[in-house]
Amino acid sequence: MGWRLVVGPFAASTDDDDSEEECLDSIPLMCGDSFEMDESDRLVKERRRRRSRINSIGYFLSEGWFNLCASCLSKLCAKCRQPRELKPRTVYIGLATGPSERYPQNVIRNQKYSIITFIPKVVLFEQFRIFLNLYFLIMALSQLIPAVRIGYIYTYWAPLGFVLFVTMCREAIDDWRRYRRDKEANSQKYRKLTRDGFANVPSSDIQVGDLIVVDKNQRVPADMVFLRTTEQDGACFIRTDQMDGETDWKLRLAVQTTQSLPSNVDILDITASVYAEKPQKDIHSFVGTFTRSDGRTAEDSLSVENTLWANTVVASGTALGVVIYTGRETRSVMNTSQPSSKLGLVDLEINTLTKLLFLAVMILSLLMMILKGFGGPWYRYLFRFILLFSYIIPISLRVNLDMGKAWYSWVIQRDKAMPGTAVRSTTIPEELGRITYLMSDKTGTLTQNEMVSKAAPKTSPGTVAFSSDTADEGATQNSEAAMAPEADQHIHQTVSYQASSPDEVALVSWTESVGLTLIRRDLTSMQLRTPTGMPVSYNILHIFPFTSESKRMGIIVKEEESGEIIFYLKGADTVMQSIVQYNDWLEEESRYQTAKLSLQERSARVQGVVESLERDMELLCLTGVEDRLQDGVRPTLETLRNAGIKVWMLTGDKLETAVCIAKSSKLVSRTQDIHILNRVTDRGQAHLELNALRRKNDAALVISGDSLQVCLKYYEHEFVELACHCPAVVVCRCSPTQKADIVKLLKIHTGKRTCAIGDGGNDVSMIQAADAGVGIVGKEGKQASLAADFSITQFSHIGRLLLVHGRNSYKRSAALSQFVIHRGLIITTMQGRSLSFKTFFIWVLISIYQGGIIMYGALLLFEEEFIHVVSITFTALILTELLMVGLTVRTWHWLMVFSMLLSLSIYIVSLAFFKDYFDSAFLQTWDFYWKVLVITSISCIPLYILKYLRKKFSPPVYSKLTP
């Protein structure tokens, strides 16, 4: 719960001189009094770059060569088609004319591929950058050469073709679904104002300069300047939940010059233009000017209050706007990253193990060549040996893994403990079990986004009462909340409040509960009913909206009865102090309008005028508004922390609220220190703040988005290193692009797996950038849920998703991978452990042992019956494999027993079809049975004994836990 006062000043900061920044490279990290510097404490040193796997020859031979070719091709295409430079523009309205320019087409495109790029990207790049597929492609191509052909061509091309076909079908279906969603959005009809009346045009045909009408509850198709509305007061509300993640309605004001025209058609008869700044990502600011240059000359300043951004929804009335940005130049597209194909860490590890198996194939082939001799066409024999040993690398591994992942995804969706869970990416369920960093949104993810007013004491905490002489003051304190103009409680109708912030709705609802009711509200006036039943009317002279820099908002009102003009201010308690109570408001209004018309440094000039009013103000009250946590947030965060997962909270909210939620959710424990990184604007300040951060031990870090940007600009590696040592990190005032950048930085600098969870459209970039993206279906819509790899209904489900399903999927994928690989090494054994070099080599040794026992043991023990070795060894091989599967099963299921019996039955039936290899008469003798039993026992019993001894003398950790 955060507290705010009705009073606040600013603290200014100055930048260090440029000369001081130039010598920062020689300043130690831990400079300060009474601190001994160590050589490792130097912050600015030669930038250390992580030695990544791209420096290895193996990487280049497997996928690096293709990445290099793709990079060269993309640079060549970029050179041929230079990106269009973004510039400010002037859009002409009505009779005004000007030079015509070409702008991007107004289309939404979320597809990964086109008809031209599908085959190159899916087949050539995505598939053959995997060494396993590239290896079998080379093997299959070699069979086209008669000199090295060793078998039927289809035995090589059929498995490879099947793997590629399955992948292409899956990618094509997913991209077709994206295309259908894009087509539906691009085909939505809108009314375009022309001299022949209104014409219905699809969204994709809308161009810069068009006059578009957007009805209530309709999506805005492009970035527009708001010209007219059907509302009499010239204002309407929009929903921006898919833009900034906030569910509250935003108030938008029509340009006064066009709003005052008699009808919409009259806009076509004026000579006017709109100057708009160049397209940019910032959704909270806009600088422009509306100019009318005919007989009635007028000039209006334009800010973000006069805009309708694409993907917002008109919530009240009907809006008419002129299009200024389309397509990829709109704010929503510029803040959204393109979806990319995600490759799981298990797939990368299997790719590495495949290279080791290929090395083993090369060594075996060379050994065979040494034994044979290098006489004659030795290179032909060498290649044939490589082909003969190629079965060691199983191409069926890809198919088995994809089938396993599909099963894991089905199990996740069927979990009754997580109702409503959906898996939208079946290729990475095992990634959930390998997460180290969890990036979480705050509003709507950790919290319910339902503001509840806890108290509104008069003058001092603890007094909750209104009398006839103080009710007006308490009522007007809340009057800056921009309530929906339809609300009119004179007729005693049921009213639901909508405002520019949820906490304002909570405050006005609370005052109504104690008898102070908002009766009517529009842009120019409001009427209240005091607890005594007396109505009080006010004229609204000016509203100063809330900004992240000022952390406060104000309103100037005039009471109709007494004519008294009062300036009320509401803001965060950290910035509110006493300031001047009264000033010549008419003079200040003139200065304020002049500042709003400025094209250069408009924000600074407007803020300067507002600050001139904020002097020695009287403290009226404190208010507290609580955003309730979702159910199960605290135990879920604690469970994740105990599992070794570090949680970072990335939010666009202000610092005080972020810290409050971090404490209440137990993301930061009450006994844990919190280090708030002071606001930094240059390199010197960033250096000093990072010095201070390094001195902190086991302290949670809180940093704003602006300061984070400065730190990453100069000290990217050092900041990430320090932040990763913090038990928790909170980033406030964080833009959607910054959220995605933080995820990418952690992936690059730590090499760990990341997961991002959010519920709004502003979380899409972060979700898509993470190794595993989780979307919550909530009040902010389904955009995050649809863009995510996994969709859940509440935050508490993330614990089970990661720690149960994620872990099981990873363990099973690792075991399945090792099972299939070792099946190619004569015999497969799996221990149910993580995929690693250590366990891989252990299994290789076990495979060599069992393969040697089955093959050479049979030759030594039954040398006189060499003709029957095939029957003995193959039967022993099948039985050994099934016994090793049973050896590793922890929890038996009837499907396991059924599958094992089915495998044995298929082998027995196959004996009747391969009479050329198996002697049916020998298979019916007792010699066959006891010899198979001896070979199978020698290969399996020692491993069962070793497992028993290990379990007895070195039990696993979980077996020591008492229920």
Do Met649 and Leu446 pass the side chain to side chain contact (heavy atoms under 4.5 Å, CB included) test, and can you show the C-alpha distance, the side-chain angles, and the key distance before you say yes or no?
CA-CA 9 Å; Met649 186 173 74; Leu446 297 178; 3.6 Å; yes
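- Checked against salt bridge (Lys or Arg N to Asp or Glu O under 4.0 Å), Asp741 has no partners two or more places apart in sequence or in another chain.
- In this structure, Asp789 does not pair ionically with Arg424, as no charged nitrogen and carboxylate oxygen lie closer than 4.0 Å.
- Side chain of Thr445 to main chain of Lys442: no donor-acceptor pair is present (N/O by atom type, distance under 3.5 Å, no hydrogens or angles).
- Atom-to-atom distance recorded for Leu650:CG and Ile757:CD1 is 12.0 Å, nearest 0.5 angstrom.
- The minimum heavy-atom distance between Asp763 and Gly758, with the atom names listed, is OD2-CA, 3.4 Å.
- When side chains are defined from C-beta on, Pro635 does not count as touching Lys666, because their heavy atoms never get closer than 4.5 Å.
- Panel note: side chain Arg753, backbone Asp771; no donor-acceptor pair is recorded below 3.5 Å.
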Salt bridge (Lys or Arg N to Asp or Glu O under 4.0 Å) assessment of Asp441 paired with Lys739:
CA-CA 9 Å; Asp441 181 38; Lys739 291 183 178 182; 3.3 Å; yes
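- For the pair Thr447 and Gln630, the minimum side-chain heavy-atom distance is 4.5 Å or more.
- Ionic pairing of Asp706 and Arg733 is not present here: no N-O contact between side-chain nitrogen and carboxylate oxygen is shorter than 4.0 angstrom.
- Applying the salt bridge (Lys or Arg N to Asp or Glu O under 4.0 Å) criterion to Asp415, with sequence neighbours excluded, gives Arg800.
- Checked by atom type and distance alone, the side chain of Gln413 never pairs as donor or acceptor with a backbone atom of Ala422 at under 3.5 Å.
- Listed by first then second residue, pairs satisfying side chain to side chain donor-acceptor pair (under 3.5 Å) with a partner in residues 632-643 number zero, not counting sequence neighbours.
- Looking at Thr754, its side chain never comes within 3.5 Å of a backbone N or O of Val743 through a donor-acceptor pair.
- Between Trp648 and Tyr437, the ring planes lie perpendicular to each other; the angle is over 60°, past the 30° to 60° tilted range.
- None of Lys744, Glu721, Glu716 except one satisfies the side-chain hydrogen bond (donor to acceptor under 3.5 Å, both in side chains) rule with His749; the exception is Glu716.
- Between Val346 and Arg434 the shortest side-chain heavy-atom distance falls below 4.5 Å.
- Between Lys405 and Asp347 there is a salt bridge, since at least one side-chain N of the basic residue sits less than 4.0 Å from a carboxylate O of the acidic one.
- Tyr408 and Ser813 make their closest contact through CE1-OG, 3.1 Å (heavy atoms, listed as atom of the first residue, atom of the second, distance).
- When all heavy atoms are compared, the tightest approach of Val774 to Ala788 is C-CB, 3.7 Å.
- Gln672 places no side-chain N or O within donor-acceptor distance of the main-chain N or O of Ala699, the cut-off being under 3.5 Å.
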